[in-house]
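Note that the structure is predicted; figures quoted are calculated from it, not measured.
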Amino acid sequence: MPDLIATLLISLLKAVLVVLALLTTFAYMTLIERRLLGRMQLRPGPNRVGPMGLLQPAADAIKSIFKEDLTVTLADKLVYTLAPIIAIGMALTAFGGIPAGPAGSLFGENPWVYSLDAGILALLALTSMGVYGIFLGGWASGSKYPMLGALRSSAQMISYELGMGLSILGLLMIVGTTSFQGIVGWQAQNGVLLLFQSLGFALFLISSFAEVNRTPFDLPEAEQEIVAGYLTEYSAIKWALFQMAEYVNMITASAVMATLFFGGWKGPQVLNAVIPGMSDWPIVWLVAKIAFFLFLFIWVRGTLPRLRYDQLMRFGWKLILPLALANTVMTAAFLAFRGTGGLWFLGVLSLAGLLALLIMSDRVRVLWNQPTVRRPESEAVRAGGD
């Protein structure tokens, strides 16, 4: 068999395995999230379907597949059908470029589906395409509520993409490469980038919550406000595809944060003294770090209330974007004028900026939570009469 055909078949097999792993994780993440939220809110959660509720994801899948698939009369049927496919397709494709171990560690093959020199840039581009699934789904539904939900969802995601991109520019300037393998290798030699870019990590984390539509930024599916937004006219398996896309994006965001700021697939080097080579175990460390961030997503959902839309947009434009730009300028200035010094002073500056933001949170809050000044009724009547 020619080498090219063999390589293509192996890549196809790895892609299928990644898709199966992501969809299985999605299915059981719904169960884990509902059980954890139940524990946090002093209620049991799913516990009837199968032992300890373990068959609940299977029951949900069967329900979604066999439920009647309704299509609105005024919908653009082609675009209406393509929108959820675009959303889940981009979400699944983005994960394939994240390395889960060193080259050749997966039974002699590389533990990634594809590897690009512009790895992080390609991933950001693919995840940005998910906006089209949301907007086209709302537009093609032929109804006013989905259209309104799609417009504000698209505005939210595009706004926070700017802050997300700027928040990692400092990191990329430090490392000098956009390749995931290069970023992981740099951290293995110099320490995790969280030590030098704590402010950038905090901004990236917040932007990730907004990008994957999770609380407190879950405006796209705000059922209490616009009847589930762009999803209003979707049902059955099409609705399930949008939900899959959201959870897969959450898994991808967790993997990206683990790779960029926490060393990726490499574990703590000190563990090699206990078991030689333990820090280089493929897949294990990346999965553990992804699990930590997934728990964080669930924890925040069970803790924080949803922002209003005006608060959400102010938060992105008046706080996240300026701080991400300031972090980029600070990092660039330090790298330009540091001379032969190390990066620890930059880490101290970044941590000081993050702590200052937390200490001054009450004063900074007015940027996105501006109080509404109500005039007395007598003045309002007088103004109307004039």
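In terms of modelled atom types and a separation under 3.5 Å, the side chain of Ser235 and the main chain of Leu70 share a donor-acceptor contact. The backbone N or O of Arg308 sits less than 3.5 Å from a side-chain atom of Gln311, completing a donor-acceptor pair. Put simply, the side chain of Tyr132 never gets that close to the backbone of Ala83: no donor and acceptor are under 3.5 Å apart. Remark: the backbone N or O of Ala255 is not paired with any side-chain donor or acceptor of Lys289 at under 3.5 angstrom. Not a single donor-acceptor pair under 3.5 Å links the side chain of Gln187 to the backbone N or O of Val192. Tyr234 contributes no side-chain N or O that, together with a main-chain N or O of Gly138, makes up a donor-acceptor pair within less than 3.5 Å. Between the side chain of Trp281 and the main chain of Gly101, no donor-acceptor pair closer than 3.5 Å is present. Between the side chain of Ser167 and the backbone N or O of Met164, at least one donor-acceptor pair lies under 3.5 Å. Judged purely by atom type and a 3.5 angstrom limit, Thr177 uses its side chain to pair as donor or acceptor with the backbone of Ser179.
Taking each heavy atom of Tyr114 and Ala94 in turn, the nearest pair found is OH-O, 3.6 Å. Thr215 and Asp218 make their closest contact through OG1-OD2, 3.5 Å (heavy atoms, listed as atom of the first residue, atom of the second, distance). Counting all heavy atoms, side chain and backbone alike, Met40 lies closest to Gly302 at SD-CA, 4.5 Å. Smallest separation of non-hydrogen atoms from Val72 and Lys77: O-NZ, 4.3 Å. Residues Leu166 and Thr328 approach most closely at O-OG1, 3.0 Å, considering heavy atoms. Considering every non-hydrogen atom in both Ala103 and Pro111, the closest pair reads CA-CD, 4.5 Å.
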Exercise. Do Leu172 and Ile183 pass the side-chain contact (heavy atoms from CB on, under 4.5 Å) test, and can you show the C-alpha distance, the side-chain angles, and the key distance before you say yes or no?
Worked result: CA-CA 8 Å; Leu172 298 179; Ile183 294 172; 4.2 Å; yes
Problem set entry | Verdict with supporting geometry, Ile134 and Asn213, side-chain contact (heavy atoms from CB on, under 4.5 Å) | CA-CA 11 Å; Ile134 289 178; Asn213 306 328; 3.8 Å; yes
Problem set entry | Step-by-step side-chain contact (heavy atoms from CB on, under 4.5 Å) determination, Trp265 to Thr259 | CA-CA 7 Å; Trp265 51 265; Thr259 302; over 6 Å; no
For this session: Might you work through the side-chain contact (heavy atoms from CB on, under 4.5 Å) test for Arg306 and Leu312, ending with a clear yes or no?
Result: CA-CA 9 Å; Arg306 178 188 302 124; Leu312 178 141; over 6 Å; no
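To the nearest 0.5 Å, atom CG of residue Leu335 and atom CE of residue Met330 are 10.0 Å apart. Atom-to-atom distance recorded for Leu42:CG and Leu37:CG is 12.0 Å, nearest 0.5 angstrom. Here the straight-line distance linking atom CH2 of Trp299 with atom CG of Leu304 works out to 10.5 Å at 0.5 Å rounding. Taking OG1 of Thr127 as the start and CE of Met90 as the end, the distance is 10.5 Å to the nearest 0.5 Å. Here Gln243 contributes atom CD and Tyr247 contributes atom OH; the two are 7.0 Å apart, rounded to the nearest 0.5 Å. The CZ atom of Phe295 sits 10.5 Å away from the CE atom of Met29 when rounded to the nearest 0.5 Å.
Listed by chain and number, the residues in a side chain to side chain donor-acceptor pair (under 3.5 Å) with Glu161 are Ser128 (sequence neighbours excluded). Scored by the side-chain contact (heavy atoms from CB on, under 4.5 Å) test, Val287 finds Ile283 as partners (sequence neighbours excluded). Remark: Ser11 pairs with Thr7 by the side-chain contact (heavy atoms from CB on, under 4.5 Å) rule, at least two apart or across chains.
There is no path of hydrophobic side-chain contacts, each under 4.5 Å, that joins Val348 to Leu346. Transitive grouping of hydrophobic side chains (ILVMFWY, heavy atoms separated by less than 4.5 Å) keeps Ile62 and Leu55 in distinct clusters. Put simply, Phe345 and Met173 are part of the same group of oily side chains (I, L, V, M, F, W, Y) that touch within less than 4.5 Å, one to the next. Cluster membership for Leu169 and Leu123, using ILVMFWY side-chain heavy atoms within less than 4.5 angstrom, is shared. Linking ILVMFWY residues whenever their side-chain heavy atoms come closer than 4.5 Å, directly or via other members, leaves Leu74 and Met147 in distinct clusters.
Contact of the Thr252 side chain with the Leu92 side chain is not registered, since no non-hydrogen atoms from C-beta on lie closer than 4.5 Å. In this structure, the side chains of Leu286 and Ile290 come closer than 4.5 Å at one or more pairs of heavy atoms. The shortest distance between side-chain heavy atoms of Val300 and Pro216 falls below 4.5 Å. No side-chain heavy atom of Phe217 sits less than 4.5 Å from a side-chain heavy atom of Glu211. Looking at Leu106 and Trp112, their side chains never come closer than 4.5 Å, going by heavy atoms from C-beta outward. Side-chain contact between Leu271 and Trp285: present, with at least one pair of heavy atoms (C-beta onward) separated by less than 4.5 Å. Inter-residue side-chain proximity for Asn47 and Gln56 is flagged as unmet; no heavy-atom pair is nearer than 4.5 Å. Between Leu294 and Ile32 the shortest side-chain heavy-atom distance does not fall below 4.5 Å.
The aromatic rings of Phe242 and Tyr230 sit perpendicular, their planes meeting at an angle over 60°, well past the 30° parallel limit.
For residues 12-35, the salt bridge (Lys or Arg N to Asp or Glu O under 4.0 Å) pairs, not counting sequence neighbours, are Glu33-Arg214, Glu33-Arg301, Arg34-Asp60.
Aromatic rings from Phe135 and Trp139 are positioned such that their centres are separated by 6.0 Å or more.
Ser159 and Trp317 are linked by a side-chain donor-acceptor pair at a separation below 3.5 angstrom, with hydrogens and angles left out of the test. Ser115 and Gln181 are linked by a side-chain donor-acceptor pair at a separation below 3.5 angstrom, with hydrogens and angles left out of the test.
The number of heavy atoms from other shown groups lying within 6.0 Å of CG (Asn190) is above 12. Crowding of Arg48 atom CZ: a count of heavy atoms from other residues, nucleotides or ligands under 6.0 Å not exceeding 12.
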Only pairs under 3.5 Å count here: list side-chain donor-acceptor contacts from residues 16-28, not counting sequence neighbours, and write none if there are none.
{"from": "Thr24", "atom 1": "OG1", "to": "Leu20", "atom 2": "O", "distance (Å)": "2.7"}
{"from": "Thr25", "atom 1": "OG1", "to": "Ala21", "atom 2": "O", "distance (Å)": "2.7"}
{"from": "Tyr28", "atom 1": "OH", "to": "Leu54", "atom 2": "O", "distance (Å)": "3.2"}

Please report, to 0.1 Å, the donor-acceptor pairs under 3.5 Å made by any side chain of residues 193-209, with sequence neighbours excluded.
{"from": "Gln197", "atom 1": "OE1", "to": "Asn327", "atom 2": "ND2", "distance (Å)": "3.0"}
{"from": "Gln197", "atom 1": "NE2", "to": "Thr331", "atom 2": "OG1", "distance (Å)": "3.2"}
{"from": "Ser198", "atom 1": "OG", "to": "Ser350", "atom 2": "OG", "distance (Å)": "3.3"}
{"from": "Ser198", "atom 1": "OG", "to": "Leu351", "atom 2": "N", "distance (Å)": "3.3"}
{"from": "Ser207", "atom 1": "OG", "to": "Leu203", "atom 2": "O", "distance (Å)": "2.9"}
{"from": "Ser208", "atom 1": "OG", "to": "Phe204", "atom 2": "O", "distance (Å)": "2.8"}

